[in-house]
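All heavy atoms count here, side chains included; hydrogens, waters and symmetry mates do not. Residue numbering restarts at 1 for every chain, and letters A, B, ... go by the order of the sequence lines.
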Number of protein chains: 2
Amino acid sequence: MQIASIDNLLKRNQLSVTDSRKKILELFKEHNGAMAHSDIEKKTDEKFDRVTIYRTLQTFVEKGIIHTIPTPDNSVLYALCKDSCSSTGHHHDNHVHFVCDNCNITYCLDSVVTPQVDLPQGFEPKVIDVVVTGICKNCQV
Amino acid sequence: MQIASIDNLLKRNQLSVTDSRKKILELFKEHNGAMAHSDIEKKTDEKFDRVTIYRTLQTFVEKGIIHTIPTPDNSVLYALCKDSCSSTGHHHDNHVHFVCDNCNITYCLDSVVTPQVDLPQGFEPKVIDVVVTGICKNCQV
DNA sequence: TAAATTATGCAACTTTGTTGCAAATCTATA
DNA sequence: TATAGATTTGCAACAAAGTTGCATAATTTA
Ligand SMILES: [Mn+2]
Ligand SMILES: [Mn+2]
Ligand SMILES: [Zn+2]
Ligand SMILES: [Zn+2]
């Protein structure tokens, strides 16, 4: 992705254009799959303070630029949202996530829509998170 | 649940019967919904070392006595397994979990079976985790 | 009941995440 | 394009969560 487009994404979200924000967005655009805070720390060669990375991720989540992914091992993962994500708090893409047991990549399966779930009387659903664990297409024998 | 039955559960799983294990199992039997490590620490009045609680929970997960629940805020929750849970590593109950936004209780909805998900070519599912967030039956207006 | 096995508590440590604040950077505008 | 005002960053200090090794205590086995 072009640099101009990253700058635009930031401006469109009323965020000032800074080195850390640009770099972290670049990483998300380049990277195949979700990333943890620690991944970003490594991939930026510790160029940015840990705190800055935490705050940048938090800002991006608030703006609807990235979303968090719940995982079976309860590590916090982040991935880019599709353009349409709203910037008001609890946005969620309605797609399924896939965690590969082998290569450990976590995919956003944008083409797989979250299934409906029939709940018992009285339970009112707002968000449905589906996380599938297994072997990904690149790790098949 | 009777004390004898707790002792039996431990023995059935080749675990020695100790105070911490009995107490923590009791808590799970009494408690409505899932618990975090910190909940257990509080409910046991700090009678047991933090490390002991960590190790007890880990042992119970390995034996298939309890299971972990992935949550949207990535806190680690535990709940009792139904009797049939195997004791070999990655056991999972095939039910849906519900996190209430209001009272913050996390329910095992044993009656709601995990839906099937159609994955793209090449992705092989092993475990499907479904976590629904919303308002529970006790918190409706 | 004693030996052997297993679990616990403690200390020390790592990793992860949070907060306040001064210095640096960015944005808007003159 | 220089400057004032707003925002972001890095640092320090801290808190919470989780891990490991090892001596002691408790439990099981015989
Ligand atoms: Mn996603
Ligand atoms: Mn459950
Ligand atoms: Zn893979
Ligand atoms: Zn509730």
Side-chain angles (χ1 to χ4, degrees), chain A residues 3-4 6-27 34-63 65-66 68-78 87 104 106, chain B residues 3-4 6-27 34-63 65-66 68-78 87 104 106:
Chain A
I3 292 161
I6 284 181
D7 287 23
N8 284 342
L9 179 52
L10 290 170
K11 284 177 186 154
R12 225 186 307 144
N13 285 282
Q14 293 102 41
L15 293 176
S16 39
V17 179
T18 66
D19 286 352
S20 48
R21 285 173 180 170
K22 280 192 288 187
K23 179 66 189 170
I24 291 173
L25 263 188
E26 261 177 58
L27 285 180
M35 288 192 290
H37 176 275
S38 62
D39 294 328
I40 295 167
E41 230 177 303
K42 281 166 207 147
K43 282 178 192 291
T44 50
D45 281 327
E46 287 142 26
K47 193 166 171 288
F48 305 108
D49 194 88
R50 272 166 18 83
V51 179
T52 300
I53 297 175
Y54 277 116
R55 292 199 267 227
T56 302
L57 290 171
Q58 192 182 292
T59 302
F60 285 178
V61 168
E62 279 161 11
K63 290 294 185 175
I65 297 172
I66 61 177
T68 59
I69 303 172
T71 60
D73 73 336
N74 292 90
S75 60
V76 185
L77 294 181
Y78 302 87
S87 64
N104 214 39
T106 295
Chain B
I3 292 160
I6 284 181
D7 287 22
N8 284 342
L9 179 51
L10 290 171
K11 285 176 185 153
R12 226 186 309 143
N13 286 280
Q14 294 101 43
L15 293 175
S16 40
V17 178
T18 67
D19 287 352
S20 48
R21 285 172 181 171
K22 279 192 287 187
K23 181 64 188 171
I24 291 172
L25 263 188
E26 261 177 59
L27 285 179
M35 288 192 291
H37 176 276
S38 63
D39 295 327
I40 295 166
E41 228 177 304
K42 279 165 208 148
K43 282 177 192 292
T44 51
D45 280 327
E46 287 142 24
K47 193 166 171 287
F48 305 108
D49 195 88
R50 272 166 19 86
V51 179
T52 300
I53 297 175
Y54 278 117
R55 292 199 268 226
T56 302
L57 290 170
Q58 193 182 291
T59 302
F60 285 177
V61 169
E62 280 161 9
K63 291 293 186 176
I65 297 171
I66 61 177
T68 59
I69 302 171
T71 60
D73 72 337
N74 292 90
S75 60
V76 185
L77 294 181
Y78 302 87
S87 64
N104 213 40
T106 295

Would you say the side chain of A:S20 lies within less than 4.5 Å of the side chain of A:K47, judging by non-hydrogen atoms?
no

Along DNA chain D (nearest heavy atom to each residue), the more 5'-positioned of B:K11 and B:V76:
B:V76

Among [options], the one nearest [X] by side-chain distance:
X	options	answer
B:V17	D:dT28, C:dT16, C:dA7	D:dT28
B:R21	D:dT8, D:dG18, C:dA7	C:dA7
A:R55	D:dG18, D:dT8, D:dC11	D:dC11
A:T52	C:dT16, D:dG10, D:dT8	D:dG10

Quick one: closest heavy-atom pair of [X] and [Y], and the distance?
X	Y	result
B:N74	A:T71	ND2-N, 4.0 Å
A:R50	A:H37	O-NE2, 3.5 Å
B:T44	B:I40	OG1-O, 2.8 Å
B:L77	B:A34	CB-CB, 4.0 Å

Name the residue closer to the 5' end of DNA chain C, choosing between B:S20 and A:E41 according to the nucleotide with the nearest heavy atom.
B:S20

Could you check B:Q14 against B:V51 and say which one's nearest nucleotide on DNA chain C is further toward the 5' end?
B:Q14

Within the modelled atom types, does a donor on one side and an acceptor on the other bring the side chain of A:R50 and the base of C:dG17 under 3.5 Å apart?
yes

Does the side chain of B:S16 get closer than 4.0 angstrom to OP1 or OP2 of C:dA7 through an N or O atom?
yes

I want to check one thing: is the phosphate of D:dA16, taken as OP1 and OP2, less than 4.0 Å away from some side-chain N or O of B:S38?
no

Interatomic distance, [X] [atom1] vs [N] [atom2] [rounded to whole Å]:
X	N	atom1	atom2	value
B:L10	D:dT27	CG	P	12 Å
A:Y78	C:dG17	OH	C1'	10 Å
A:H37	C:dT14	NE2	P	18 Å
A:K63	D:dT7	NZ	C1'	12 Å
A:Q58	D:dT8	CD	C1'	13 Å
B:D49	C:dA7	CG	P	16 Å
A:N13	D:dT8	CG	P	12 Å
A:L57	C:dG17	CG	P	10 Å

